[in-house]
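Here, residue 1 is the first one in the sequence, and each next residue gets the next number.
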Amino acid sequence: MRKIIVLITILAFICPSLAFPVAQLAHVAHAAEDQFIVGQTVILSPDLVAPSVPANLTATAVSQTQIDLSWNASTDNSSVAGYQVFRDMQQIATSTLTTYSDSGLSPSTLYMYTVRAFDPSQNISAHSATATATTFDPVPVATTTPNTGSNGNSGGGRSGIELVYLSVSPDLQSALIRFGLNMSVHSEVYWGRTADYEMGGISSALYQKDHSVELNGLMPATTYFFKIDVLDGYGRHLIIENQSFTTLNLADTAAPANVSNFRATPSVKDILLTWNNPKADFDFVRIVKSEKFYPRDVNEGEVIYEGRAESFLDTEVRAEVDYYYTAFSRDFAGNYSSGAVTDAALLGPGEKAGLPKLFANVLQLPKEMIHALLKTFSVADIDFIQDGMKLP
């Protein structure tokens, strides 16, 4: 069977008299079992809205032959395709960025700049406000590199460039270096694990007074060295070297070690507590007391001592009362240890101090109530581990 494919644009909205013939043609085609594809042409409204005018255009002379431009991005109902750059009312460049370096200029010359934005439909904004700058005078200056120290001074100011401020904000795996000069300069920042600055360098895109460089891919808790080499429009250098910073530590969530040799020595009127603090990762010890049982948490019971000493005399005690103590050591990250325990009661007349009665008040079950598996349980079934090693 022969098939005829015909594309018909519906124009009934333009010429109503065409509506019936088109319908009739479609009916006849169906009767002859031929195939027709009926399409409709849709005319969209054209984009006639121009982007907003670029704002805050600045022009900065950076040498005898170059002026750097920067401005704020424009907005548009669809998108901004780019910017036209004008010097002395003549277009000199097109840029998709909000910066431009105009080079090849004459020394000691005043230049005037404007910028216009355009969108994909070639709608063009009005000119921005005018910005002017004068290129440097042709003063011959030797391009020497002063030998600077860690303070960034340039050996008596021979270069004329001065460091105004320098700050470093390290994080876990990055660091933000900010610095400012007394004039617009080009900068390069070098860094590394050693003073050879072997890990790389980052250059500034434009000549400017204020600079900000972010270093990424660093290791936590690691010291890095960096130097800054700045260059002005006359080719003069200032090197700021022997600088360093240390990235932050990972979050400390590990509990510190318990105090050791925690003991309670009673007399007839008070109880002396003694212990030895951990040698590392230790801020202070908190001792908690209870008349019921050994406190299981730093907030359970009465806090009777907090500090870095290794003894405490508990005088708030009564006769014929068992006192249970737990000592929790704390590290600088705020983590507490699992707790070391001891207990004591005041001595009666003529009574001598003995060993702590650990777990003396724990209920003893009758043998017939103990599970069969537990009846064969012994100390040999327990592993004692200290400093990551199993004890015999």
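Rounded to the nearest 0.5 Å, atoms NZ (Lys227) and CD (Glu188) are 9.5 Å apart. Once rounded to the nearest 0.5 Å, the distance linking OH of Tyr190 with CG of Asp229 reads 6.0 Å. Here the CG-OH distance, from Asp283 to Tyr336, works out to 8.5 Å after rounding to the nearest 0.5 Å. How far CH2 of Trp191 is from CD of Gln243: 16.0 Å, rounded to the nearest 0.5 Å. Between the CG atom in Asp119 and the OG1 atom in Thr75 there is a gap of 11.0 Å [rounded to 0.5 Å]. With rounding to the nearest 0.5 angstrom, the OH atom of Tyr113 is 12.0 Å from the OG1 atom of Thr58.
At a threshold of 4.5 Å between non-hydrogen side-chain atoms, the residues Tyr197 and Phe225 count as touching. Contact annotation: the side chain of Asp314 approaches that of Lys289 to within less than 4.5 Å [non-hydrogen atoms, C-beta and beyond]. Between Thr98 and Tyr83 there is a side-chain heavy-atom pair separated by less than 4.5 Å.
For Phe312 and Tyr305, the distance between ring centers is under 6.0 angstrom.
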Taking distance alone, no hydrogens or angles, what donor-acceptor pairs closer than 3.5 Å link side-chain atoms of residues 212-219 to residues at least two apart or in another chain?
none

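Taking the six-membered ring where the residue is Trp, Phe226 and Phe245 present tilted rings, their angle falling between 30° and 60°. Under the 30°/60° scheme for interplanar angles, the aromatic rings of His186 and Tyr207 are found to be tilted.
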